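The structure appears right after this line, and notes come after that.
Here, residue 1 is the first one in the sequence, and each next residue gets the next number. Nothing here was measured: the structure is a model prediction, and the numbers come from that model.
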Amino acid sequence: MKIRVNQVPRVGFTLVELLVVIAIIGVLVGLLLPAVQAAREAARRMSCSNNFKQIGLALHNYHSSFKRLPQNGTGPTNEFNNACCADAVTGTNAPPPVAFTRHALSWLVGITPYIEQQAVWEEISNQHQDDNGLWWPAFGPAPYTVDYRAWNVDIPTYRCPSDPGRGLPALGRTNYAGCLGDSAWRIQWGVSYFQGNQSRWRYKDNSGRMQQVRGSVRGVFVPREEMKFRDILDGLSNTIMGGEIATDLGDRAIFSTGSRANGRDNILNNPKYCEDQGQIDPERPLFWSGTGVNYTAAATMRGYRWADNRPLYTCFNTILPPNREICLTNNHGGHGIVPPSSRHQGGCHILMADGAVVFMTDSVEAGDARAPVPYFRNNNNQSGVGEESPYGLWGALGTRAMRETIEESLNQ
């Protein structure tokens, strides 16, 4: 007699089927990851643009309040004392410390209360004693003082989410800079001068220096000079007021690490001097060569001090297009070619003087990159003063009063 045994139906996948499913999932993930990454970068880029719009609104509100733009290169100081970093005195009964900003505070300092950073502004603008017992003057010491807490703050509105740079050796970083125009001459001094034997900045009533500045520094921001919207004769919608900059990551990138000690006249006569000297790695054109380049020091890189007015930290010029090389005459405080840059693909954000934010591509029409920069040193030694910018549309957008005709709509 045969006994029939009911067979139990097979449940689950075979090994082959499981491997097929895993392979399909892997392919789908591989296809989706680039799209996810692109979506994340698009969101970061939009957030970066919004930050710049907030800065533009803050600049307009500042101008409405004070009838001028925040000065780039300002702050109370003691012009007859060598101290730079407060030489703070301790003790609860200490006398008021003396301000030693050296007229070196950037344009970003003045707009902090207009970007919801009232706490930072109050700490800067009032004399106070910190947790270590050090007394600090109103408006602080020089902007490179490590012990001063406010200069070490990373302000969210000043940071682009796409930039991964964080922490030491930088102080508080910034990804947004002011436009100095289409020259490299006098962009670090403006109407003041550095008295080397006394190691301090001082204002000087000197008509020759004023001629140099007016003939050379043709952007919205002029170091240590009050600027107003009325000075922008080309029209607010046709003039660049700010630009994005990428902070340095210690990787020898040409757009965040400057090559220095290249000589003043070399750069003034040829903005592409660093490249023409073979300093850029031909196999990796976004990085400096491993030899023959004098890099800026570890703590003096692009965007490393939001409170410092010097071009390497908070300014740029419209000579070379975005994301090109930083070529300096001597160190972080000297003349130089300092283009804007970003961690976005293909260009960077630009803030127009009317508050509009546009994305400027690396391929913007920029004229002759090897043309001498506009500069005035004396009547017998000048180049391009009062002339149209030699750097095409890019240079024309960077100047405030050269009356160039702009035929392109930047918002399309």
Side-chain angles (χ1 to χ4, degrees), residues 48-74 106-112 114-115 157-158 160 174-183 187 190 213-214 216-245 309 311 314-319 321-322 338-340 342 347-361 364-366 374 388-389 391-412:
C48 179
S49 174
N50 288 338
N51 284 345
F52 226 169
K53 288 179 181 178
Q54 291 299 316
I55 291 173
L57 182 60
L59 287 167
H60 276 257
N61 286 337
Y62 186 101
H63 193 280
S64 295
S65 299
F66 299 101
K67 311 307 177 188
R68 64 179 179 87
L69 291 167
Q71 188 168 311
N72 187 50
T74 186
S106 77
W107 62 279
L108 292 169
V109 174
I111 62 172
T112 49
Y114 296 91
I115 57 168
T157 307
Y158 293 162
C160 171
T174 179
N175 290 111
Y176 306 104
C179 183
L180 300 172
D182 63 343
S183 182
I187 61 172
V213 172
R214 288 172 180 166
S216 305
V217 189
R218 313 198 296 184
V220 169
F221 289 98
V222 177
R224 300 177 176 90
E225 180 72 278
E226 290 187 2
M227 300 299 295
K228 303 179 180 181
F229 283 148
R230 71 177 184 188
D231 298 318
I232 306 175
L233 302 182
D234 288 349
L236 300 185
S237 61
N238 294 325
T239 306
I240 294 173
M241 183 161 58
E244 195 177 351
I245 58 175
N309 83 299
T314 56
C315 298
F316 72 97
N317 45 28
T318 55
I319 299 173
V338 282
S342 81
C348 68
H349 289 107
I350 294 297
L351 173 68
M352 306 304 291
D354 64 353
V357 175
V358 299
F359 191 79
M360 188 67 66
T361 65
V364 59
E365 195 278 305
E388 292 185 353
S389 176
Y391 308 117
L393 172 65
W394 179 235
L397 290 170
T399 58
R400 66 181 183 273
M402 288 298 102
R403 308 298 178 92
E404 297 103 331
T405 300
I406 307 298
E407 298 181 355
E408 296 189 27
S409 177
L410 299 177
N411 291 318
Q412 294 182 353

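- Side-chain contact check for Met227 versus Ile232: every heavy-atom pair is 4.5 Å or farther apart.
- Remark: Arg68 CZ is packed, more than 12 non-hydrogen atoms of other residues, nucleotides or ligands lying under 6.0 Å away.
- Looking at residues two or more places apart in sequence or on another chain, you find no ring pair (Phe, Tyr, Trp, His ring centres under 6.0 Å) involving Trp394.
- Across Ala366 and Pro321, no two heavy atoms sit closer than the pair CB-CG, 3.7 Å.
- Between the side chain of Thr157 and the backbone N or O of Asn51, no donor-acceptor pair lies under 3.5 Å.
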> Between Cys160 and Tyr176, does a side-chain contact (heavy atoms from CB on, under 4.5 Å) hold up when you go through it step by step?
Replying inline: CA-CA 8 Å; Cys160 171; Tyr176 306 104; 3.8 Å; yes
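- Atom-to-atom distance recorded for Arg218:CZ and Asp182:CG is 4.0 Å, nearest 0.5 angstrom.
- Note that the CD1 atom of Ile187 and the SG atom of Cys315 stand 8.0 Å from one another [nearest 0.5 Å].
- When all heavy atoms of Cys48 and Glu244 are compared, the pair lying nearest together is SG-OE2, 3.3 Å.
- Scanning both residues, His60 and Gly355, for their nearest heavy atoms gives NE2-N, 3.8 Å.
- At least one donor-acceptor pair under 3.5 Å links the side chain of Ser183 to the backbone N or O of Pro374.
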> When you look at Arg400 and Val222, which way does the side-chain contact (heavy atoms from CB on, under 4.5 Å) test go after all the steps?
Replying inline: CA-CA 11 Å; Arg400 66 181 183 273; Val222 177; 3.8 Å; yes
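- Considering only heavy atoms from C-beta on, Phe316 comes within 4.5 Å of Cys179 through its side chain.
- Side-chain contact check for Met241 versus Phe221: some heavy-atom pair is nearer than 4.5 Å.
- Of all heavy-atom pairs spanning Gly398 and Thr318, the tightest one is CA-OG1, 3.4 Å.
- For the pair Pro70 and Val109, the minimum side-chain heavy-atom distance is 4.5 Å or more.
- Formation of a donor-acceptor pair under 3.5 Å by the Thr239 side chain with backbone atoms of Leu236 is not found in this model.
- Here the straight-line distance linking atom CG of Leu180 with atom CD1 of Ile319 works out to 9.5 Å at 0.5 Å rounding.
- Taken to the nearest 0.5 Å, the CG atom of Asn50 stands 9.0 Å off from the NE2 atom of His349.
- To the nearest 0.5 Å, atoms CZ (Arg224) and CG (Asn309) are separated by 4.5 Å.
- Going from atom CD1 of Ile350 over to atom OG of Ser49 covers 11.5 Å, rounded to the nearest 0.5 Å.
- Shown here for Ile115 and Ala58, the closest heavy-atom pair between the two residues is CG2-CB, 3.7 Å.
- With Glu365 contributing its side chain and Leu393 its backbone, the two residues share a donor-acceptor pair below 3.5 Å.
- Between Tyr62 and Leu69, the shortest heavy-atom distance links the atoms CE2-C, 3.6 Å.
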> Where do Glu225 and Val213 land on the side-chain contact (heavy atoms from CB on, under 4.5 Å) test, with the steps shown first?
Replying inline: CA-CA 10 Å; Glu225 180 72 278; Val213 172; 5.8 Å; no
> Would Tyr158 and Thr314 satisfy side-chain contact (heavy atoms from CB on, under 4.5 Å), going step by step from the backbone distance to the final call?
Replying inline: CA-CA 11 Å; Tyr158 293 162; Thr314 56; over 6 Å; no
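- Under the 3.5 Å distance criterion, the side-chain polar atoms of Asp234 are matched with a main-chain donor or acceptor of Arg403.
- In this pair, His63 and Phe229 present their aromatic rings parallel. The plane angle is below 30°, not in the 30 to 60° band.
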